[in-house]
Amino acid sequence: MATATWSPGSGDILLGVMGDPIAQSRSPIMHTAALRAMGIPGAYVPLHVTPDKLGEAVQAIRTLGFRGVNVTIPHKVAVMAYLDVLDESAIDIGAVNTIVNTNGLLTGYNTDGIGYVRSLKTEVIPDLSGARIMVIGAGGAARGITAALLQEEPSSIIVANRTAGKAQELAAEWSRKGNITGISLDQAEGMLDGIDVIINTTSVGMYPHMDETPVDVSLFHEGMIISDLIYNPLQTRLLQESQERGCRIHGGLGMFVYQGAYALEYWTGQPAPTEIMRQTILDCLGGSA
Ligand code: ATR
């Protein structure tokens with residue numbers, strides 16, 4: 001079995017991201033800038049892997065001596081079957097976005113949820129304990145962030161979804177980890193008074209459907225924190241209108257930066273240059289700092 005652990009002085013580090021399609025991924029540009037800033041020699045490359053070749057591609061991580069890869073759509077669930085060890089984050093969420101290769105032993109992690117929470121805490125609210133949180137949506141993205149939010153000991157989490165049954169299923173599965181309930185999106189609008197943080201995990205408002213919002217913003221109250229996982233556009237209509245109502249807003253760019261930062265920290269054992277990573281993405285989105 002190949003030895004593939006990277007440590008300072010051990011030469012170039014090989015990293016990449018596997019997906020299908022992959023050309024649109026901004027991870028290579030972000031991680032390449034990060035490696036340069038950290039003074040670590042190596043490369044982070046896009047790897048186009050079709051579903052029928054996923055097993056061979058995972059074996060190639062060992063064969064070619066990659067220190068690790070990110071995994072993106074559509075492989076996050078399927079890749080789990082090919083790994084040696086699954087971290088608790090991956091088991092809880094049921095998906096892997098980061099693989100670490102330690103001397104041929106492949107461990108799967110999920111850094112999406114913890115990346116999101118690190119972004120929210122760094123950028124808007126340092127302490128989430130006691131917070132009353134509403135998560136809109138009950139798909140894969142909601143699953144990841146809800147798992148990580150429960151670790152922060154909020155007072156309550158309400159999952160509100162267009163299809164109420166999915167929200168209730170998610171809540172039932174994690175009810176042993178905290179005070180979590182599932183409701184329909186229609187019910188949610190009557191419950192906003194008692195909420196501190198609202199998080200949109202749906203694709204409503206994403207490019208090119210930028211006119212849409214997942215809930216009626218006129219019901220929001222001043223001082224509420226409104227967070228949107230979407231980062232294209234950088235400011236969704238939900239965030240723009242919430243800001244106009246006196247809410248504090250948080251966009252999805254930080255989640256992308258910090259999920260990558262955690263991965264890079266697992267691979268290198270060194271702190272990731274998060275500001276450089278953020279600026280690199282802003283530059284390629286054409287935004288400002
Ligand atoms: P992801 O992995 O990005 O979360 P997903 O698993 O397909 O994607 O989940 C998408 C989520 O967005 C779901 O909660 C979905 O609601 P349903 O379960 O009712 O399908 C929600 N969603 C998508 N489009 C929506 C819309 N137009 N209005 C409200 N919710 C929507």
Side-chain angles (χ1 to χ4, degrees), residues 1-20 22-23 25-51 53-116 118 144 148 255-274 276-277 280-281:
M1 215 172 258
T3 55
T5 307
W6 184 84
S7 59
S10 70
D12 285 15
I13 188 169
L14 290 176
L15 302 168
V17 54
M18 291 183 175
D20 178 27
I22 200 60
S25 172
R26 295 198 164 93
S27 291
I29 191 168
M30 179 172 79
H31 283 281
T32 299
L35 287 174
R36 192 175 309 129
M38 293 163 89
I40 294 177
Y44 182 113
V45 292
L47 300 163
H48 184 208
V49 175
T50 52
K53 294 283 190 287
L54 183 60
E56 287 171 40
V58 172
Q59 178 54 34
I61 297 171
R62 302 186 182 94
T63 311
L64 300 175
F66 271 63
R67 170 59 173 154
V69 296
N70 283 130
V71 181
T72 189
I73 293 167
H75 303 315
K76 287 185 180 192
V77 177
V79 79
M80 296 173 82
Y82 300 105
L83 304 179
D84 302 307
V85 182
L86 293 172
D87 179 66
E88 202 185 325
S89 59
I91 294 169
D92 274 353
I93 296 168
V96 161
N97 80 328
T98 301
I99 299 172
V100 179
N101 177 10
T102 307
N103 301 321
L105 184 88
L106 302 186
T107 303
Y109 296 84
N110 195 308
T111 69
D112 286 331
I114 54 174
Y116 171 78
R118 186 159 147 195
M255 174 176 178
F256 180 65
V257 169
Y258 285 110
Q259 61 77 31
Y262 272 117
L264 201 52
E265 288 167 4
Y266 292 161
W267 294 323
T268 67
Q270 295 181 25
T274 53
I276 285 166
M277 294 163 78
T280 303
I281 299 299

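All heavy atoms count here, side chains included; hydrogens, waters and symmetry mates do not.
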With a 4.5 Å limit on heavy-atom distance, are the side chains of [X] and [Y] in contact?
| X | Y | answer |
| --- | --- | --- |
| Trp267 | Asn70 | yes |
| Tyr266 | Thr111 | yes |
| Pro28 | Pro46 | yes |
| Phe66 | Val45 | yes |
| Tyr258 | Met255 | no |

- Salt bridge flag under 4.0 Å for residues Arg62 and Asp84: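 Yes, charged N to carboxylate O under 4.0 Å.
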
How many angstroms lie between [atom1] in [X] and [atom2] in [Y], if you round to the nearest 0.5 Å?
| X | Y | atom1 | atom2 | value |
| --- | --- | --- | --- | --- |
| Ile91 | Met80 | CD1 | CE | 7.0 Å |
| Thr72 | Ile22 | OG1 | CD1 | 6.0 Å |
| Arg67 | Leu15 | CZ | CG | 9.0 Å |
| Arg118 | Thr274 | CZ | OG1 | 6.5 Å |
| Asp112 | Gln259 | CG | CD | 5.5 Å |
| Thr98 | Asn110 | OG1 | CG | 7.0 Å |

If every non-hydrogen atom of [X] is compared with every non-hydrogen atom of [Y], which pair is closest and at what distance?
| X | Y | answer |
| --- | --- | --- |
| Gly104 | Asn101 | N-OD1, 2.8 Å |
| Leu54 | Val49 | CA-CG1, 3.8 Å |
| Thr50 | His75 | C-CE1, 3.9 Å |
| Met277 | Ala272 | SD-CB, 4.0 Å |
| Gly42 | Leu35 | C-CD1, 4.3 Å |
| Val58 | Met18 | N-CE, 4.2 Å |

- Other residues, nucleotides, ligands: >12 heavy atoms within 6.0 Å of Ile29 CD1: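 Open.
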
- Message: Atom CD1 of residue position Ile73 - does it have more than 12 heavy atoms of other residues, nucleotides or ligands inside 6.0 Å?
- Response: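 No - once you tally the heavy atoms of other residues, nucleotides and ligands closer than 6.0 Å, there are 12 at most.
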
- Message: Is there a side-chain contact (heavy atoms from CB on, under 4.5 Å) between Ile61 and Tyr82? Walk through the geometry before answering.
- Response: CA-CA 11 Å; Ile61 297 171; Tyr82 300 105; over 6 Å; no

- Query: Parallel under 30°, tilted from 30 to 60°, perpendicular over 60°: which one fits the rings of His31 and Tyr44?
  - Reply: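 Judged by the thresholds at 30° and 60°, the geometry between His31 and Tyr44 is parallel.
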
